[in-house]
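Side-chain atoms are counted along with the backbone in the values below, which use heavy atoms only and exclude waters and symmetry mates. Counting starts at 1 for both ligands and their atoms, following the listed order. Everything quoted here is computed from the prediction, not taken from an experiment.
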Amino acid sequence: MKRNRGGCDIPEATIGRLPLYLEKLKLLQAIGVEDVSSRQLAESLDIKASQLRHDFHYFGGFSRPGRPYQVQKLVTALEQIIGIDRPVPSAIVGAGHLGQALANYQNLDLQGFPLRGIFDINPKLVGLEIRGQPIRDLDELEPVCAREKVKIGIITVPASAAQAIANRLVASGVIGLFNFAPTDLKVPPTVAVRNERITVGIMSLSFKVKCLAAAGEAVAADPD
Ligand code: ATP
């Protein structure tokens, strides 16, 4: 089992599934389910039970063979593994339409990422409040990030400004960048970046929509 560097060398695909397991388990918890088998949990996520057990094996397995998982214990363990058993202070840079939408998205706080700062360079935006927080001038980025121990920076500035913002966030102690700017960022190996390209996502969907529409037209043209 590979578990060096605090689990940082776990496969990306496994890491990507951890929040999905947690989300599903929390739903089960909310309806009072206490135990769940690997097969039930895997089926609810449309994956194989062997895949799920393989993922969990990286973290010690969580149950004895043949026994179901205890939902409560597994939720707690996954929250610790993901790193949200305590709040992860976050900040948004770029309070345009997208930045404001994310600042208004209460679920980020609820899932463990309290917003500790919103920054912009536009004087017309600076001073406006979103959910009780002022949009601050970019000059305040470093002192606020240091004071609030911000660990995740959410970048919603234009692509041309993103690298400079990333550099400033990293210099302020931020070690995770959630990058919505349509550009790649250069960061030190001690910093993690997650790129969210909304238009790329919808274009991939468009490809599938086009294929489905074409298949539907073919069936309509030749129902036999
Ligand atoms: P969105 O793309 O989110 O809809 P928008 O169309 O209003 O926003 P963009 O040009 O994409 O505007 O910029 C997003 C926000 O980033 C704007 O509010 C802008 O003022 C801000 N911004 C631009 N450059 C910087 C920078 N260097 N630092 C901080 N904020 C910036």
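- Remark: Tyr105 pairs with no residue by the ring-ring contact (aromatic ring centres under 6.0 Å, His included) rule, at least two apart or across chains.
- Every residue was checked against the side chain to side chain donor-acceptor pair (under 3.5 Å) condition with Glu148, not counting sequence neighbours, and none meets it.
- Evaluation of the side-chain contact (heavy atoms from CB on, under 4.5 Å) rule for Lys48 yields Ser50, Gln51 as partners, not counting sequence neighbours.
- With 3.5 Å as the limit, one finds no donor-acceptor pair spanning the side chains of Gln100 and Asn104.
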Starting from the N and O atoms of ligand 1, collect every protein N/O partner closer than 3.5 Å and put each pair on its own line with the distance to 0.1 Å.
{"from": "ligand 1", "atom 1": "3 (O)", "to": "His97", "atom 2": "N", "distance (Å)": "3.1"}
{"from": "ligand 1", "atom 1": "3 (O)", "to": "Leu98", "atom 2": "N", "distance (Å)": "2.8"}
{"from": "ligand 1", "atom 1": "4 (O)", "to": "His97", "atom 2": "N", "distance (Å)": "3.4"}
{"from": "ligand 1", "atom 1": "4 (O)", "to": "His97", "atom 2": "ND1", "distance (Å)": "2.9"}
{"from": "ligand 1", "atom 1": "8 (O)", "to": "His97", "atom 2": "N", "distance (Å)": "3.4"}
{"from": "ligand 1", "atom 1": "18 (O)", "to": "Gly96", "atom 2": "N", "distance (Å)": "3.3"}
{"from": "ligand 1", "atom 1": "18 (O)", "to": "Asp120", "atom 2": "OD2", "distance (Å)": "2.7"}
{"from": "ligand 1", "atom 1": "20 (O)", "to": "Asp120", "atom 2": "OD1", "distance (Å)": "2.6"}

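- Asp109 and Arg131 are joined by a salt bridge, as a carboxylate oxygen and a charged side-chain nitrogen come within less than 4.0 angstrom of each other.
- The aromatic ring centres of Tyr58 and Phe56 sit 6.0 Å or more apart.
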